[in-house]
Amino acid sequence: MKVLKFGGTSVGSAKNINKVIDILKNYSNDDNIICVVSAVGGITDKLIHVANLALDKDDSYHAAFNSIKKIHRDIITELIPKKNSVVLKSVETKLQELKSLLDGIYLINELSPKTSDKLVSYGELLSSYIITETMTTRGLKVIRKNSQELITTNSNFSKAEVDFSITNKNIRSYFKTADQKITILPGFISKSKRGEITTLGRGGSDYTASIVAAALKVDQLEIWTDVSGMFTTNPKMVKQAFPIKQLSYQEAMELSHFGAKVLYPPTVQPVLDLKIPIHIKNTLKPEDRGTVISKKSNGTRGAAKGISNISNIALLTLQGNGMVGIPGFSKRLFETLAQNKINIILITQASSEHSICLGIDANDTELAKTFVDAEFENEISLKKIDPLIVETGLSIIALVGDNMKSHQGISGKMFSSLGKNNINIRAIAQGASEKNISAVIAEKDVKKALNTLHEQFFEGNIKQLNVFITGLGNVGKRLIDQIKQQQNYLKTNLKINLRVTGLSNSRKMYFDEHGIDLKDWKQKVDSGSKASLSKFLEAAKEMNLRNSVFVDVTANKDVSDEYENYLKSSIAVVACNKIACSSNYENYQNLKSLSLEYNVPFLFETNVGAGLPVIDTLNNLIASGDRITAIHAVLSGSLNYIFNHFDENIQFHDVVKNAQKEGYTEPDPRIDLSGVDVARKILILARESGSKLDLKDIVNESFLTKSNLSSKSADEFYKSLMHDEAHFQSLYESAKSKNCRLKYVAEFDNGKAKVGLREIPMGHPFYDLEGKDNIVMFYTKRYPDQPMIIKGAGAGADVTASGIFADIIRAEND
Ligand code: ADP
Ligand code: ASP
Ligand code: MG
């Protein structure tokens, strides 16, 4: 004999009921079947809702009732298209009773738990009747038995406790004589010893099935639902969750107790001692394997088996100096809650005994506060303890697995990955059995926490990285192209799932928390909402995705002003924009400190030398204990290009024009030629080497003339270059006469920095620097004479984009 239970979705439509009937037909060929059914999906909620409308004297309860009626009528006419009048009439009569009950509630303005149980019992009564009649009309040998006549409880309405000795006797004696192949039982509903209608608690049809299975000592209990088993975590919250093949009873109990709704928590208890396996199956995909819950845990996949969560939690804290060392406080607290039927979900107590912390259902908060404060009234008035502290808006997440106790470092891994993602933990509890580690966190962080933990414990170390890019010019576009091209490679080879979740230019912005498909990102951005820096930040925060990175590919100060807010939200910042790091020292330092404080990277490799690993190398030298004594560098691709092309055969003015045409200078060439850009770069390197410098401390020995420097526009500047050609020719001649070449050099020596044009002799590493290349020489304690040299293309959209890309990947590793 087998017991099968079909949940709300499984009997939620005519189409699904047909699937249920197919499954039953298959089974009943070789066995007797007891089939427990829930109410039609969503009906229990609707019944509670309509009752509350009636209670509130809201006339829309008539319409709500009619919609319940229609759902049932529609299912009947679809399942039994012909000769359905008897069934429809009988359902009509039942619904009329229900309507009278609702009218009564409306009139007397009262809805007791007892009436509520009576009301919701119609859900299961109707569904079981409809299914039985449908099967009968199709020629199947089936009988319905009202489980209220079998399951006897106390009068604890809405969650009654079963009297097993009477119940087991009832079930056994009924089934001893029943010789039907298929018996249909309504789940969830029962009767008290006094004959009142009771229910077993929301989700209780699972329990009905388990009670019957245990009473009859059947071979197997099957719970048929709308998912293919018990998943590693709630599949509605975590896309990557997958069904667990095998679980022990204890693991299943922990997971369901901590919120895995797929199994009502008390369900395991009756079958546990009898070792009857529970098989969870999917009605919509019966071929899927599902989950088997039995004695063995069979933990092949690591120690943690699943993660679950309970929402709507309140945390109660009882604290005070008067509690220390005096026994009895906890006992009184627990007793007060128990007497008032307030269920405690989680307990933690600091070893100082100064406080005790409890997690309860938030709906019980008011009750708890009233009764606990009354219980401790005396101690509170004597200031021995504080009034009960209540916090709401919380949720519990729990990591579960039988074998966790024999694995070290699981809780460390759990809490560090939560911490890294800025998920604040309010309380922690670890069961003495070590089958469960639970944490209380803010409700708003639940989705992120579940995804973070799932990634950490179940996804073979594939790490998701969520990128928000602002600035979609030349470099931004190349960056997106590179990401698009590399996404698969990163997943397979580096186990990084890199997703672009937000894009913005100065006009529009676009988001997708599931990752933007980069095929047509341009159209998507064009179709997006109006760009706004603050809304971009808000959206990134709102999505609350783990491992988020903000990427600034603009040259805009307003964007760099936002870094602080990103870091404070535990969102890493990758900046191509130089403004933040070359702004005043306090600002730079503040961002560095925030990065440390919030444990999120702030990276800006492309501020110096585009894609060349200049800052990374510098940081590695310092981290490994080296000390920078000097940095000599050519850091301007544009100036290098200009001086490499300038000689006696060409006017300086023309070389600059050409450089601009080729795209090697800023639109306004004064920014490059004045040396400010190079000064900013050496400032950043000096700061990263540990010097507290500001831009004003960098000596700028300009090679331009006074009239060049005082020109008011780019046009005027070009004219003055033409006018002062002799000056530039004399610079060139002077170098040439000494067999030197002109290079624009940045120098940092003994804590001081300067930039300026230098005559570089043959043989010097700068002498042969070509095109728009950059070169950086680090003199350090370990490299005192022969410097460490980094050299290569120091400008261009592609190399800059690849430098930003490297920072994004680095943000993941940090
Ligand atoms: P039924 O109506 O069949 O009793 P429930 O709605 O009570 O179904 O339970 C199934 C639902 O439980 C799933 O649709 C899923 O949303 C939710 N759920 C929560 N946690 C888990 C989990 N760990 N594994 C599977 N389902 C879960
Ligand atoms: N119909 C009841 C509920 O929705 C019982 C169940 O479905 O298990 O809670
Ligand atoms: Mg259920």
Side-chain angles (χ1 to χ4, degrees), residues 3-8 34 36-39 44 113 117 120-121 124 147-148 150-168 170-171 185-193 197-218 220-225 230 247-280 291 293-295 306 308-310 338 341-346 359-361 363-364 396 398 400 431 433 435-436 438:
V3 175
L4 278 70
K5 175 258 169 176
F6 291 90
I34 298 166
V36 176
V37 294
S38 287
T44 312
D117 268 6
V120 290
S121 74
E124 268 70 9
S147 24
Q148 288 169 321
L150 302 176
I151 298 179
T152 308
T153 66
N154 64 8
S155 298
N156 197 355
F157 298 104
S158 85
K159 200 172 182 180
E161 281 145 42
V162 176
D163 183 322
F164 277 97
S165 65
I166 305 177
T167 300
N168 284 344
N170 289 345
I171 294 172
L185 296 179
F188 179 52
I189 55 176
S190 42
K191 243 182 205 162
S192 74
K193 276 171 257 178
I197 293 176
T198 54
T199 62
L200 301 175
R202 291 303 309 271
S205 296
D206 297 344
Y207 194 29
T208 306
S210 168
I211 294 165
V212 175
L216 299 174
K217 300 194 170 79
V218 300
Q220 184 149 319
L221 166 61
E222 296 185 3
I223 305 284
W224 289 77
T225 181
M230 197 174 243
L247 280 170
S248 74
Y249 291 117
Q250 278 74 17
E251 286 170 333
M253 255 192 292
E254 295 278 351
L255 282 171
S256 69
H257 181 71
F258 279 95
K261 185 182 168 224
V262 64
L263 195 67
Y264 181 52
T267 308
V268 176
Q269 209 60 51
V271 295
L272 176 72
D273 290 338
L274 298 167
K275 303 189 183 69
I276 300 169
I278 306 173
H279 199 161
I280 301 181
T291 298
I293 300 165
S294 66
K295 232 175 57 182
S308 51
N309 73 292
I310 316 178
K341 298 208 165 67
I342 297 167
N343 187 27
I344 300 168
I345 306 171
L346 170 144
I360 62 165
D361 186 325
N363 295 328
D364 295 333
I396 296 177
V400 169
S433 63
K435 286 182 197 322
N436 162 346
S438 21

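All residue numbers in this chain count up from 1 along the given sequence. The model shown is predicted, which means the values in this text are computed figures rather than measured ones.
Residue pairs satisfying the salt bridge (Lys or Arg N to Asp or Glu O under 4.0 Å) criterion with at least one member in residues 259-268, sequence neighbours excluded, are absent. For residues 197-218, every residue pair satisfying the salt bridge (Lys or Arg N to Asp or Glu O under 4.0 Å) rule, not counting sequence neighbours, is listed here: Lys5-Asp206, Asp45-Arg202.
Taken from CD in Glu251 to CG in Asn436, the straight-line distance is 11.0 Å, to the nearest 0.5 Å. Atom-to-atom distance recorded for Thr291:OG1 and Ile280:CD1 is 5.5 Å, nearest 0.5 angstrom. Distance CD/Glu161 to CG/Asn156: 5.5 Å, rounded to 0.5 Å. Summarising the geometry, atom NE2 belonging to His257 is positioned 14.0 Å from atom CD belonging to Gln250; distances are rounded to the nearest 0.5 Å. To the nearest 0.5 angstrom, Leu185 atom CG is 8.0 Å from Thr208 atom OG1. Here the CD1 atom belonging to Ile310 is positioned 8.5 Å from the CG atom belonging to Leu346, to the nearest 0.5 angstrom.
Closest of all the heavy-atom pairs between Gly8 and Ser38 is N-CB, 3.6 Å. The shortest heavy-atom contact between Ala214 and Leu274 is O-CD1, 3.3 Å. The nearest pair of heavy atoms linking Val3 to Ala209 is CG1-O, 3.6 Å. Residues Gln148 and Lys191 come closest through the heavy atom pair O-CB, 3.4 Å. Here the closest heavy-atom approach between residue Leu255 and residue Ser308 is recorded as O-OG, 3.1 Å.
A 4.5 Å side-chain heavy-atom check between Met230 and Leu247 finds at least one atom pair inside the cut-off. Looking only at side-chain heavy atoms (C-beta outward), Lys295 and Ser248 stay at 4.5 Å or farther from each other. When side chains are defined from C-beta on, Phe258 does not count as touching Asn309, because their heavy atoms never get closer than 4.5 Å. Leu216 places a side-chain heavy atom less than 4.5 Å from the side chain of Ile34. Phe188 has its side chain within reach of Val120: a pair of non-hydrogen atoms, C-beta onward, lies under 4.5 Å apart. At least one side-chain heavy atom of Ser205 sits less than 4.5 Å from a side-chain heavy atom of Glu124. Looking only at side-chain heavy atoms (C-beta outward), Val36 and Leu4 stay at 4.5 Å or farther from each other. Under the 4.5 Å side-chain criterion, counting only non-hydrogen atoms from C-beta, Ile211 is in contact with Thr167.
Residues satisfying the side-chain contact (heavy atoms from CB on, under 4.5 Å) test with Ser155, not counting sequence neighbours, are Phe157, Ser192, Arg194, Glu196. Partners of Asp273 under the side-chain contact (heavy atoms from CB on, under 4.5 Å) rule, at least two apart in sequence or in another chain, do not exist in this structure. For Thr198, the side-chain hydrogen bond (donor to acceptor under 3.5 Å, both in side chains) test picks out Thr153, Ser190, with sequence neighbours left out.
Looking at Ser147, its side chain does come within 3.5 Å of a backbone N or O of Pro186 through a donor-acceptor pair.
In this structure, a donor-acceptor pair under 3.5 Å is present between the side chains of Asp117 and Thr199.
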- [ ] Take Leu263 and Ile293 through the test side-chain contact (heavy atoms from CB on, under 4.5 Å) and record every step on the way to the result.
- [x] CA-CA 11 Å; Leu263 195 67; Ile293 300 165; 3.9 Å; yes

Review item, side-chain donor-acceptor pairs of residues 264-272, under 3.5 Å, at least two apart:
from   : atom 1 : to     : atom 2 : distance (Å)
Tyr264 : OH     : Leu200 : O      : 2.8
Thr267 : OG1    : Tyr264 : O      : 2.5

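For the side chain to side chain contact (heavy atoms under 4.5 Å, CB included) with Ser165, the qualifying choice from Asn168, Val162, Asp163 is Asp163, the only one to do so.
Between Phe164 and Tyr207, the angle of the ring planes goes over 60°, which puts this pair in the perpendicular group of the 30/60° scheme.
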